Enquirer: 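Take a look at the following structure, please.
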Number of protein chains: 2
Amino acid sequence: MKRSSQPTINDVARIAGVSKKTVSRVINQSPLLNGDTRKRVEEVIADLGYVPNPQARALALRRNFLIGLIHDNPNAQMVLNVQQGMLEVLRDTEFELIVHPVNRGSPTMLADIGQFLERQRPFGVMILPPISENDQLAALCAEIGVRYVRMGSAPLDDAPHMVASNDREAVHGAIAHLIESGHRRIGLVLGPHGFRSAHERQKGYEEAIERAGLPLQRTLIVQGDYKFESGMRAAEQLLDLAPRPTAVFASNDEMAAGVLHVARQRGLNVPQDLSIIGFDDTPIASHLWPPLTTVRWPIATMARAAALKLLSGEGGAHSEDGEASLFVSTLIRRASVAPAAG
Amino acid sequence: MKRSSQPTINDVARIAGVSKKTVSRVINQSPLLNGDTRKRVEEVIADLGYVPNPQARALALRRNFLIGLIHDNPNAQMVLNVQQGMLEVLRDTEFELIVHPVNRGSPTMLADIGQFLERQRPFGVMILPPISENDQLAALCAEIGVRYVRMGSAPLDDAPHMVASNDREAVHGAIAHLIESGHRRIGLVLGPHGFRSAHERQKGYEEAIERAGLPLQRTLIVQGDYKFESGMRAAEQLLDLAPRPTAVFASNDEMAAGVLHVARQRGLNVPQDLSIIGFDDTPIASHLWPPLTTVRWPIATMARAAALKLLSGEGGAHSEDGEASLFVSTLIRRASVAPAAG
DNA sequence: CGACCGTTTGATACCGGTATCATAAGCATA
DNA sequence: TATGCTTATGATACCGGTATCAAACGGTCG
């Protein structure tokens, strides 16, 4: 049975014998309404199965109820966790989430996003790393007048709009854990150049090494790009060194999986011959053999916080005040770390 | 510099010295327009940076330009691939994608979705497995009058609205591959009860076994639920059998990873002692050691097809005609299969 | 020259809500 | 009874687009 067309506020008004405005008052829970009238209108609404038209509402109110999610993120799990976290917050509101992935590296990327923002004029947008590090994008949001929140690995220079984790400290802790276990030659697989998260993780490594009084050896630090294959290439380079590192920290789980992969190929036992730590705590980390010690950052929690920040009006397009929300990542100890041999 | 408010069609009309309707004609590329007028209006539009308000448009046209994506899917990679595929199609249109994950098992799930559909009245929705198998949901879409497309493992009984893969044949092929490699005792880890995909994959297994003239042994078939841990439990059961199966087909990669995990724990070599095949070709499949032989189904392609089907008006809410779009899954041979020993 | 025709444009109503402001009703007070 | 105040409701305009239909215009033809 198809209802040929939805009832409108006019139908409700006519049937209930009141004006549109009164119905509007009922919908919006205006306090200055006679109880009887309200009840009568509510009955008619329930009767007809009336649902207000969000487009009309948006037009009249000169604002809409869309929250955008902009990302160029290759990590599916992370994107989905973010969506989940945001939707938990949006669920009981009238807001809807509209996703807008973009092509990293496309020369028209900013223009594309600009078009999206101009067209939809979303109430606010959430921007995921790595594109959240792009200051031009933030400027664009401000210019167009769309409130925004950036998720990242550090507060950048835009604290009012940041929801950030403390990658640096977390990595510091992870490396310290390796050092406590007796490791002295610890390889580092970097994230891609130009990524703040990669930078933060590197700093965490360097701080931990220095604080322990160990030498910072360039040969132990290898470039990667957050992808599995780059983890493999990095591992080949690291495991060719003599003496070999006894542990490797990879800047994300995927690369850590690549390192593990190569270690396997070479007949090394993990963790006896080589300890490995990753970052992100994606599902792959717990599914690998051995299960991967890694750093978990509270993505869903951060996403919820970001959504709340957007809705609460903090992080308005131009606000200069407000603090970054900071979240703590924690080391998840599994079976890929053992005391250093010898 | 924030533009305090966006120019409207009235501003354009006033400045260009024409009526609203003429501007509207320019926007909608109406053919019956004088070239000069068009040019003049276009200049003003460019000048002001005018962008039509989608809400007002939606209201006037009594339709909107939203495509919903409904899913209760735990597989992040798959959801993201679908989003990507759909957005490729939507990119050059005026449609926007709005995602609506739901909680599988929540008793209010259908009501939630109904509310979503009533409120937003999206132009169309795409429904992912496993919830795409829910006929009540399809009926709900039809009742509300929202066109829909269901993605699934078989055409179900709703061909006009289906975009389906051929899981049964694909699994048949995978098992045949094992049999050709000399395997005779092949374990099967089922997907969760009540899932069409699980059913189809089981049928594919059974057909292949029977066609090869092998006996169908109940003990070789173990229940799973598509999660890693259930793969582990299933593997424990299977590897306790005497004689042990020499190969296992798991109904998805995650469970295959669980099987591999347990095989490792027991000191079995994969693939020498045990061959394993998964299903889905998620990234984990290629990252495991050894890389997993698995079945790849063309998710992004299917998603594109589904989006086109929605936009093209096929699969209207009540259409009885139209064919299911069928897509071929293929076996990706990696290193987790070896000839049966002995 | 006037009737007729096709092309181009505009006046106005309308989509389904909300905001403004006026008005009606109820009641206390003078 | 008249006055003023509060509370409940409605008439109307408006948000920014599109649709309908009429009108203006220029040219052709009898």
Side-chain angles (χ1 to χ4, degrees), chain A residues 3-42 44-45 48-66 94 96 118-123, chain B residues 3-42 44-45 48-66 94-96 118-123 145:
Chain A
R3 288 165 230 154
S4 60
S5 88
Q6 231 176 334
T8 74
I9 197 172
N10 292 303
D11 301 324
V12 176
R14 187 167 30 78
I15 295 176
V18 297
S19 72
K20 289 168 77 165
K21 182 64 207 185
T22 300
V23 179
S24 172
R25 287 197 180 97
V26 173
I27 298 170
N28 294 292
Q29 317 203 31
S30 154
L32 20 75
L33 257 185
N34 181 301
D36 289 349
T37 317
R38 158 168 296 141
K39 203 163 295 172
R40 186 150 39 89
V41 173
E42 276 170 352
V44 176
I45 288 179
L48 294 178
Y50 163 72
V51 181
N53 177 327
Q55 268 84 29
R57 224 166 115 64
L59 181 58
L61 286 170
R62 257 149 296 185
R63 56 174 285 222
N64 62 28
F65 296 90
L66 301 174
E94 46 200 338
E96 294 287 341
E118 298 264 16
R119 266 162 85 119
Q120 295 301 325
R121 296 261 153 183
F123 177 81
Chain B
R3 289 165 229 153
S4 61
S5 88
Q6 231 177 333
T8 76
I9 197 172
N10 292 303
D11 301 324
V12 176
R14 187 168 31 76
I15 295 176
V18 297
S19 73
K20 287 168 78 167
K21 182 63 206 185
T22 299
V23 178
S24 171
R25 288 198 179 96
V26 172
I27 297 169
N28 294 291
Q29 318 203 29
S30 155
L32 19 76
L33 257 183
N34 182 300
D36 289 351
T37 317
R38 157 166 297 141
K39 202 163 294 172
R40 185 151 39 90
V41 173
E42 276 170 351
V44 176
I45 288 179
L48 293 179
Y50 163 72
V51 181
N53 177 328
Q55 268 84 29
R57 223 165 115 64
L59 181 57
L61 286 171
R62 259 148 297 184
R63 58 173 284 220
N64 62 29
F65 296 89
L66 302 174
E94 46 201 337
F95 286 89
E96 292 288 339
E118 298 264 15
R119 266 162 83 120
Q120 295 300 325
R121 297 263 153 181
F123 176 80

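For clarity, every value in this text was computed on a predicted model and none was experimentally measured. A, B, ... follow the sequence lines: proteins, then strands. Residue 1 opens every chain.
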Enquirer: Whole angstrom is fine here: how far is it from CG in B:N10 over to C1' in D:dC14?
Expert: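 Atom CG in B:N10 sits about 11 Å away from atom C1' in D:dC14.
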
Enquirer: Applying side-chain hydrogen bond (donor to acceptor under 3.5 Å, both in side chains), can you list everything that pairs with B:R119, at least two apart in sequence or on another chain?
Expert: none

Enquirer: Could you check how far CZ of A:R63 sits from C1' of C:dA19, rounded to whole Å?
Expert: 15 Å

Enquirer: What integer distance in Å separates B:L59:CG from C:dA13:C1'?
Expert: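 One finds 13 Å between C1' of C:dA13 and CG of B:L59, rounded.
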
Enquirer: Check the distance between D:dT18's P and B:Q55's CD and give it to me in whole angstrom.
Expert: 13 Å

Enquirer: Please report the end-to-end axis angle for the helix from C:dC1-D:dG30 to C:dA30-D:dT1, five pairs per end, rounded to 10 degrees.
Expert: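 Helix axis angle between the two ends: 70°.
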
Enquirer: Taking for each residue the nucleotide of DNA chain D with the nearest heavy atom, is it B:R62 or A:L61 whose nucleotide lies nearer the 5' end?
Expert: A:L61

Enquirer: Looking at every strand, decide which applies to A:V12 at a 4.0 Å heavy-atom threshold: base, sugar-phosphate, or nothing.
Expert: nothing

Enquirer: Please determine whether salt bridge (charged side-chain N to carboxylate O under 4.0 Å, His left out) holds for the pair A:R14 and A:D11, giving the CA-CA distance in whole Å, both sets of side-chain angles, and the decisive distance to 0.1 Å.
Expert: CA-CA 5 Å; A:R14 187 167 30 78; A:D11 301 324; 2.9 Å; yes

Enquirer: Please report, rounded to the nearest Å, how far the C1' atom of C:dC15 is from the CG atom of B:N53.
Expert: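 After rounding, the reported distance stands at 13 Å.
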
Enquirer: Would you give the length of the straight line joining atom CD of B:Q29 to atom CZ of B:R38, rounded to the nearest 0.5 angstrom?
Expert: 7.5 Å

Enquirer: List in chain and number order the residues that pass side-chain hydrogen bond (donor to acceptor under 3.5 Å, both in side chains) with A:R57, two or more places apart in sequence or in another chain; answer none if no residue qualifies.
Expert: A:N28, A:E94

Enquirer: Near DNA chain D, under 4.0 Å by heavy atom, which residues of residues 18-30 of chain B?
Expert: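 Within this stretch, B:K20, B:K21, B:S24, B:N28 sit under 4.0 Å of the strand.
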
Enquirer: D:dT18 C1' sits how many Å from B:E94 CD, rounded?
Expert: 13 Å

Enquirer: Rounded to whole angstroms, how far apart are CD1 on B:I9 and P on C:dG10?
Expert: 12 Å

Enquirer: If you assign A:R57 and B:A60 each to the DNA chain C nucleotide with the nearest heavy atom, which residue ends up on the more 5' nucleotide?
Expert: B:A60

Enquirer: Under 4.0 Å between a side-chain N or O of B:T37 and OP1 or OP2 of C:dT8?
Expert: no

Enquirer: Please list all pairs passing the salt bridge (Lys or Arg N to Asp or Glu O under 4.0 Å) test where one or both residues lie in residues 17-35 of chain B, with sequence neighbours left out.
Expert: none

Enquirer: Tell me every residue that passes side-chain hydrogen bond (donor to acceptor under 3.5 Å, both in side chains) with A:N10, counting only those two or more places apart in sequence or in another chain.
Expert: none

Enquirer: Whole angstrom is fine here: how far is it from CD in A:Q120 over to C1' in D:dG16?
Expert: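 Spelled out: CD on A:Q120 to C1' on D:dG16 is 15 Å.
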
